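Worth saying up front: this structure is predicted, and the values here are computed from it rather than measured.
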There are 2 protein chains.
Amino acid sequence: MTHIVILGCGFGGLAAVRELSRADVRITLIDRSNHHLFQPLLYQVATAGLSAPAIAAPIRHILARQPNVTTLMACVSDIDVGRRMVLLKDGGAVTYDYLIVATGSTHSYFGHDEWAEAAPGLKTLGDAFEIRRRILLAFEHAEREVLDDLRTPWLTFAVIGAGATGVEMAGTMSEVARHTLADEFRRIDPRKARVVLIEGNDRVLGSYPEDLSAKAQRQLEALGVEVRTGCKVTAIDETGISFTGPSGDERLPARTVIWSAGVAASPIGKSLGVPLDRAGRVIVQPDLSIPGHPEIFVIGDLAAAKSDGKPVPGVSPAAKQMGRVAARNILSQRRGLPGQAFRYRDYGALATIGRKSAVAQVGRFKFSGLSAWLFWLFVHVYFLIGFRNRMMVMTDWAFAYFTFQRNARVVASTEDDPEVLEGGWTHRHARAAEEPAPEVGHAPEAGPAQP
Amino acid sequence: MTHIVILGCGFGGLAAVRELSRADVRITLIDRSNHHLFQPLLYQVATAGLSAPAIAAPIRHILARQPNVTTLMACVSDIDVGRRMVLLKDGGAVTYDYLIVATGSTHSYFGHDEWAEAAPGLKTLGDAFEIRRRILLAFEHAEREVLDDLRTPWLTFAVIGAGATGVEMAGTMSEVARHTLADEFRRIDPRKARVVLIEGNDRVLGSYPEDLSAKAQRQLEALGVEVRTGCKVTAIDETGISFTGPSGDERLPARTVIWSAGVAASPIGKSLGVPLDRAGRVIVQPDLSIPGHPEIFVIGDLAAAKSDGKPVPGVSPAAKQMGRVAARNILSQRRGLPGQAFRYRDYGALATIGRKSAVAQVGRFKFSGLSAWLFWLFVHVYFLIGFRNRMMVMTDWAFAYFTFQRNARVVASTEDDPEVLEGGWTHRHARAAEEPAPEVGHAPEAGPAQP
C-alpha cells in the first residue's frame, strides 16, 4: 500500500492528513510534539488569558478515528531523498513513497542570535510559558524593588515588530497592566507600566491597507501602548534595547522584551538539496512538489510558493490550502494524472488589538473596532480544533470580558526553581532545579510505613 | 502598627491571612510561587485531567481586596529569631513582630535521595507536569519500540505508597490507559498497560478503617490496578524497581515510577532553633507557638502539634484550623490575653479511586462506591478557591465523565527539547533546550521589514 509520510502537524500537515482520510493509503505523521497548536491564539497563553490545553489538542486524539494514520512523536534529523527515507534523531528511519514536509518556521533574529536570550519570540507553547513567566515576574520584581531607577525597567515592556503578533501582544499586555493587575499590588501601580511597540517600518501592520494601519495605531494608543515606528533596533540585552529612530539613537531600559519581528524557515528544508530562498524556504513547483522529486511536497511556512505570480503569505489559511492540494496531487500522481497547480485563495486579513479592538479586511471590505473584534472572535473560535476547546475558550473569554480577570496567571516553574527571584533573570532550562534535599525521617501522617 | 509576617500560602497560611482580614495589623505574606495550590486535586493535573490554572489561583488575586496584606514572591533562606527577621535568598530581609511559619512539607525518600530522579513525587505544579509528561511519553515510547522486551517496561507504571495520593494516582492512571488512550495508538494497545501499586503495609489507605481499605483495594482491582501489599522497596532506577515481598525478592521492570510513600517537613523549620521531631517537624506548644518565642507560630504540615494528646494529621482541614487559631492567638497576645490551645476537629477521611469509586468516613459513617465518589466531588469542588475555578473544574469533569476524554493531554516542554524522545529519559531542567539555530535571512511574509 502506498505509504505517505507527513512531517509536522501544524495547519498544513493536519489538512493534508485529513484530506487523505478516505484514501487507500498508509500515512505516517511525525511531529516532535504531542499536540496540534492553534497558533493564532498563542499570544493569549503568553498573556495568561488562556491555559495551554485550550489551544492545544493531542494529535492522537484528533486522528483517533482515522485508521489509516500512524502518529509518531519524534524529531527528524535528516531526509535522504535518494533512498526515500526520513532519518530520526534517535537513530530510527522511516521510508516513504510520498513525502509532505510541513515543518514550518522558527524565529529569525536577522543574524543576531545573541538577542534570543533577552528577547524571546512566540512560536511554541514553551515560548508562551516563558513569556508569560517573564511578564508576571516583572511585576513581582517591581513590587520588591526599592529604588525607582531599578524599578522602572521592570515596569517597561518592549515588543519588537508590529506585525499581527506584535500588535496583539502589545495591546493585551497593556490591558493586563491596566485592568487585570491594577489593584493587586501595594507598592507599585501596575497601571503605570509602559508598553512600547517598536517597528522598523513607518506603520504598524505593514501588510495591511494604510488606513487600517492608522486605525490599529490609534486603537493601540487608546489602550495605552506607545507606538514607535521607523525605529531600527541595534542592540538588545537583559537591561533593555537600543535603537535608531527618527530622533536619533535611543536607549530604552526594559527588563521584558518580546521579539515578533521575523521568522525563518525550519532547517529541515536544507536536507532536501534543492534551492532555497533567502529566508531558507524551499522554492516549490506550481504543484507544490520540489524540482526533480515529484514524490516530495513542501507546504506551509516552509514553502516559497507562488500563486498567480505573487508569493503566497505565511498564514494559516494558505498552509491549510497547500495541505489539501499536496494531498490531492499525490492521489492524482498515483493514478497517473497530472497534478493541480496551487492557487491561493485570500480570505482577507484580521488582527486583534485588545478588548473590543481589531482591524479586518475581507475582500473589498475593511472594518475596525468592535465589529472587527466580534468577527475576529467568531472566526478564531470557529476554527479551533474540537468542540471541547471551543467551549473552553468561549467560557474563558466570557469570564475575562466581564470581570477583566485572566484565568491562567500561573507560573509553574518558579516553585521548582527557588532561584527565580534572585539576581534578576532565570533562563529556562539553563540551570538545574535546586530543590531542598528532603529531610531524613518519616512523617507519621504520611500514611502507612515505607513500603 | 503590628507587623505579622506569614511564610507560605498553602491552606494554613491562607487561612491565617484571612482570619486577620479585619484586624488592625500589617501583614506581609511571603511565598516562593505566585499561586495558592489546591493540592488535593494535583493528581488530576498529573494525569492530564485538569489544566494547572483550574487548581491554582494567583495569590495576589485572592487577596486583592484585603488591603492589610502585602504579598511578596520570594524564597526564604533563614529566620533570625533573635533579631526577629526573615532573611530572603536574594539578600533582602523582612522584620516582624509576629511570625507564622507555614512552609509545609516535601517528599521524603527515607534516606534514598538518589531515587528522586527515577521516582518523582507529587507536591508542586512542576511535579505534576513532570509526572504528566512521563506518563504520556511512556506511551509514545512504547508505540515506537519494536522489541517486546523493551516495550513492556514502557507500558508498566509503578506507584509506590498506597496512601490517598498513591491510590488516586494508580486508579486514574489505569483509567487513562483503559479509556482515554484506548483507541489512539496503532502498534500498541494501551489497555494492556500494567499499573502496579506497591505498599509496605499490609493494606492500602493504612490510616483508614480496615473495611474501607478492603473496599478501596477491591475498587482498585476492578479498575485494573495490581495491588501489592507488604512489599518493601529496596532499589529504584530508570529501568524499574526491586522490592522484597511476601514471596521473596522481585524485580519489576518499569519506566515510569511515581513516589507517594513519604513526606518530610520543610527545611525552614530547622532555622527556628527549637526541637524537631524525627520527620523534621517543629514541636509546637498547645497554642501553636514555639518554646521561648511566643511571637512565632508554626502551623500546617510543618508543625508537630497535638490535640487531646493525639498527633494532628498532616491534612488540609488541620492546616486551615491551625491557621485560624494562630491568627487569633496573635490578636489575643496583643491584647495581653492568654492564647487558645489548638484542638483538631476531625471531619473524617475521603479518598477517591477512579470513576465512581471512592471511600469515605465521616464521623461514624463509612461509605464507598458511587455515593462516596459523589460526596468527594462535591467536597472538592466546594472547597476550591473561587467561583471561576469551580466552574472550570466542573466543566472539565462533566466533559471527562461523559466522554472518557481528558482535556489537558499536553506536554509543553517537548517542543523545546527535541531530545525528549532520544535515549529514553529526559530530566527536567537538566539540559539546555537545543533549538535549531534560526536561519539567516528574512522571511518576506513575516510582515514589515526589520525594525
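- The CZ atom of B/R144 lies 4.0 Å from the CG atom of A/D90; values are rounded to the nearest 0.5 Å.
- In this structure, A/E143 and B/M73 have side chains that are not in contact, with every pair of non-hydrogen atoms separated by 4.5 Å or more.
- For B/T70, the parts lying near chain A are the backbone and the side chain together; criterion is any non-hydrogen pair under 4.5 Å.
- Among B/F243, B/F185, B/Y208, the residue with the largest count of heavy-atom pairs under 4.5 Å with chain A is B/F185.
- Taking A/V69, A/V146, A/T165, A/D202 one by one and counting their heavy-atom pairs under 4.5 Å with chain B, the maximum is reached by A/V69.
- Chain A forms more heavy-atom pairs under 4.5 Å with one residue of B/P67, B/A164, B/A57, B/G92 than with any other, namely B/P67.
- With a threshold of 4.5 angstrom between heavy atoms, B/I59 does not approach chain A through any atom at all.
- Across every non-hydrogen atom of A/A64 and B/R186, the tightest pair is O-NH2, 3.4 Å.
- Counting only heavy atoms from C-beta outward, the side chains of B/R60 and A/L136 never approach each other to under 4.5 Å.
- Only the side chain of B/R187 comes within contact range of chain A, judged by heavy atoms closer than 4.5 Å.
- Within the 3.5 Å criterion, the main-chain N or O of A/H61 finds a donor-acceptor partner in the side chain of B/E184.
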